[in-house]
Amino acid sequence: MTFVITTPLYYVNDKPHLGSVYTTIICDSIARYKRLAGEDVIFITGVDEHGLKIQRTANEKGIEPKSHCDEISEVFNNNWKDWNISFDKFIRTSSKNHEFVVNEFYERVKASDDIYMGVQKGWYCVGCEEFKDNPENSSTYKCPIHQKNLEWKNEENLFFRLSKYQKEIERIINEPSFIEPIERKNEIINFVSRGLKDFSISRTNVKWGIPVPGYDNHTFYVWFDALLGYVSAISSDATEHSLEKSINGGWPADVHLIGKDILRFHAVYWPAMLISAKMKVPKKVFGHGFLTREGQKMGKSLGNVLDPDLLLTKYGNDPVRWYLIKDISLGNDGDFQDKRFVDIINNDLANTIGNLLNRTSSMSRKWFNNKVPNKEKIFNEKKLENFAKIAVENYIYNFDNYKLDLAANEVLSLAINTNLYLNDNQPWLLIKEKDNLPLVKEIIYNVLESTRIIGLLLIPLLPELSTKINDQLGSIYREEIPWKKQLIWGLLVSNSSLPKPTPIINKLEYEEHL
RNA sequence: GGCGGCGUAGCUCAGCUGGUCAGAGCGGGGAUCUCAUAAGUCCCAGGUCGGAGGUUCGAGUCCUCCCGCCGCCA
């Protein structure tokens, strides 16, 4: 089965911020999980490059929009590589293939009689690329989001007959898992119930955009253009009949994972556009929350913007992933707290999981000739085994339901219980009596086996750490065996050698000022 | 202004259809094993569940009003 997952196509106005890193990390985890589960994953990310804002930003820098986009796109592309993001497609909306797709799509929508010429008058925020209400009706009124003056526009635009799809959109958004989380769904339902209005899909006097065929001076509205990036990404390697290639190549998307601010475009406008073009709608739109820092909104005015690059170089990939995935419930807003970050990483990853591996490996090596002991069945109790089975089940259930925080907590919980198991059985005391040797073997085997499963469960969440766990268990991961099969208890091979353990993650030091 | 939501231990939050619901994690305090990254394990939170009424034999859990946050829409 093909599984298509997308991040938003990030606007190239600025380099990636923590929010884009958050979205992308979540998608990456899901993509990795789905691959392990045997799905044929197409993980799409990319950049949204057109629009008045980009045009002006480029002008301010005194360069062509194209050069500006080339530069920022490259920053994004490299950034995701630095974060070890396993994306399959990186789509640029300024690419030729994308333009083909947009044109083909537009023809389909036109053929459905959903395009007409109208007049758009109103106050426009270039930051939002949207028309806004202007209660003061004055040129000094500022957009509440961007704190920029609105601009008066009165121009002929092409419109899309969104209103025609009122009924169908209502049906779609009411489907059980189309919009998540549920609070967001209610907002959208509420919005749609007030009646959908046609929206303009072209702009005049915006040069930096895809020209609308047959209308000089008109370029496609950035949103009309950008949303189609998800489609064109699928066929980005193809050379002709691009739209058809995308449709056959895996469309529709299984999930668009986005920030809650752009939910309306994805859950209302986008499905309508797709229906008009006789295409399938995405199966799910998941709007995650926003990140704050130490309880405050991040912003230039407060000067508290947390640079993800800094986090990456200072703490590394996996700690940031763990914090964002495990400590923030997907769909809720999250807060990044330096102290908490350090505490969580040290407790969960270093002390609980890292140290578990370290202590177990040490015991096994010390007592069993640097090897995994035989799988004895003296005691034959299955406490840990049973716990691991349940943890695996819960993990899978939660992952399948986009509850990544709970999935992560299952892994942690297994590690905690494994530590507890050691504590209860105290093999370091038992080993003092020769007669206990078989029993100690059984205990240590169980603990190593549990650790192996922890490592497997961590693959989608913490790719680097899980690799280290695997290495220290003697590189026992078997590519040829499906991941889910490897999760079965008891596959750890007795008498395989264990390398000398070293900490798989070092503790972090808390500093007042990041 | 219209509609949603939220306000539970220092912090982040669980608490479905009312009766072990007063909880978890982190922080803080204490005890303890020793295999281990001074890690592990165990114990300790006396919080009027925002406030005031009401329904009920009984309410964080339902209703009304008030206060304080926040979201969506206008």
Side-chain angles (χ1 to χ4, degrees), chain A residues 122 130-135 144-145 173 179 181-197 259-264 267-268 287-292 294-297 322-324 326-329 331-368 373 403 405-406 408-410 412-413 415-432 440 443-444 447-448 451 465 468-469 472 498 500-510:
Chain A
E130 260 190 314
F131 283 92
K132 293 278 173 182
D133 283 320
N134 182 340
I145 297 169
I173 60 177
I179 299 172
I182 187 80
E183 307 88 279
R184 299 276 106 72
K185 174 177 177 169
N186 293 337
E187 287 173 4
I188 295 293
I189 288 175
N190 200 284
F191 169 74
V192 172
S193 71
R194 290 159 174 268
L196 294 172
K197 295 188 189 79
K260 60 185 181 182
D261 52 330
I262 52 176
L263 190 57
R264 215 166 79 194
V268 180
H288 72 243
F290 289 156
L291 297 178
T292 50
E294 310 293 347
Q296 288 191 304
K297 203 170 164 181
W322 183 254
Y323 184 88
L324 294 177
K326 183 242 167 186
D327 209 48
I328 299 168
S329 175
N332 290 348
D333 288 344
D335 191 33
F336 193 97
Q337 300 176 357
D338 297 351
K339 175 73 161 58
R340 181 163 177 81
F341 174 79
V342 170
D343 286 337
I344 294 265
I345 299 311
N346 287 345
N347 278 312
D348 297 351
L349 301 188
N351 295 347
T352 302
I353 295 173
N355 185 53
L356 170 66
L357 171 64
N358 202 271
R359 67 194 299 211
T360 312
S361 177
S362 294
M363 283 185 272
S364 193
R365 282 169 51 86
K366 190 178 293 181
W367 303 331
F368 306 114
K403 298 183 190 302
D405 56 324
L406 298 184
N409 270 308
E410 283 300 326
L412 188 61
S413 163
I416 288 170
N417 274 277
T418 309
N419 274 320
L420 191 56
Y421 176 86
L422 274 174
N423 221 70
D424 289 346
N425 289 298
Q426 306 193 85
W428 48 88
L429 292 185
L430 294 172
I431 195 70
K432 290 176 180 170
V440 174
I443 293 165
I444 297 299
V447 173
L448 283 169
T451 309
L465 197 77
K468 287 184 186 170
I469 293 176
Q472 296 217 9
L498 290 169
K500 187 173 165 48
T502 53
I504 52 171
I505 180 166
N506 291 318
K507 289 207 190 182
L508 306 179
E509 299 238 352
Y510 171 62

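The side chain of A/N355 lies closest to B/U37 when the candidates are B/G71, B/U41, B/U37.
When the C1' atom is used for both B/C72 and B/C26, the distance is 32 Å, rounded to whole Å.
As a whole-Å value, the separation of A/K432 NZ from B/C35 C1' is 10 Å. Summarising the geometry, the separation between CG on A/D405 and P on B/G25 is reported as 16 Å, rounded to the nearest angstrom.
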Canonical and wobble pairing (Watson-Crick, G-U, under 3.5 Å) of RNA chain B, dot-bracket with |: (((.(((..((((.....[...)))).(((((.......))))).....(((((..]....)))))))).))).
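Across all strands, A/K260 comes closer than 4.0 Å to no nucleic acid atom at all (heavy-atom distances). As judged by a 4.0 angstrom heavy-atom cut-off over every strand, A/I344 is placed among residues making no nucleic acid contact. Using a 4.0 Å heavy-atom cutoff across all strands shown, A/I416 reaches sugar-phosphate atoms only and no base atom. Counting any heavy atom pair closer than 4.0 Å across all strands shown, A/D343 reaches sugar-phosphate atoms only and no base atom. Counting non-hydrogen atoms under 4.0 angstrom, A/I505 reaches a base of the nucleic acid.
Between A/K185 and the phosphate of B/C72, there is no side-chain N or O to OP1/OP2 separation shorter than 4.0 Å. Contact annotation: A/R194 does not reach the phosphate of B/C72 (side-chain N/O to OP1 or OP2, under 4.0 Å). One finds a side-chain N or O of A/N347 lying less than 4.0 angstrom from the OP1 or OP2 phosphate oxygen of B/G27. When the side-chain nitrogen and oxygen atoms of A/K326 are compared with OP1 and OP2 of B/G25, none of them lie within a distance under 4.0 Å. Remark: A/N186 is not in phosphate contact with B/G4, judged by side-chain N or O atoms under 4.0 Å from OP1 or OP2.
In this structure, B/G60 is classed as syn because its glycosidic torsion stays within 90° of zero. By the rule that a glycosidic angle within 90° of 0 means syn, B/G15 does not qualify and counts as anti.
Between A/P373 and A/F368, the shortest heavy-atom contact is CB-CD1, 3.7 Å. Across all their heavy atoms, A/R184 and A/I179 have their closest contact at C-CG2, 4.1 Å. When all heavy atoms of A/Q472 and A/T502 are compared, the closest pair comes out as NE2-O, 2.6 Å.
Under the side chain to side chain contact (heavy atoms under 4.5 Å, CB included) rule, A/L349 has a single partner from A/N351, A/T352, A/I353, which is A/I353.
Interatomic distance, CG of A/L412 versus CH2 of A/W322, reported as 5.5 Å (0.5 Å rounding).
A search for side chain to side chain donor-acceptor pair (under 3.5 Å) contacts involving A/S193 returns nothing, not counting sequence neighbours.
Side-chain atoms of A/N351 stay outside donor-acceptor range of the base of B/A39, with no qualifying N/O pair under 3.5 Å.
The ring pair (Phe, Tyr, Trp, His ring centres under 6.0 Å) analysis of residues 341-363 of chain A, with sequence neighbours excluded, yields the pairs A/Y315-A/F341, A/Y323-A/F341, A/F336-A/F341.
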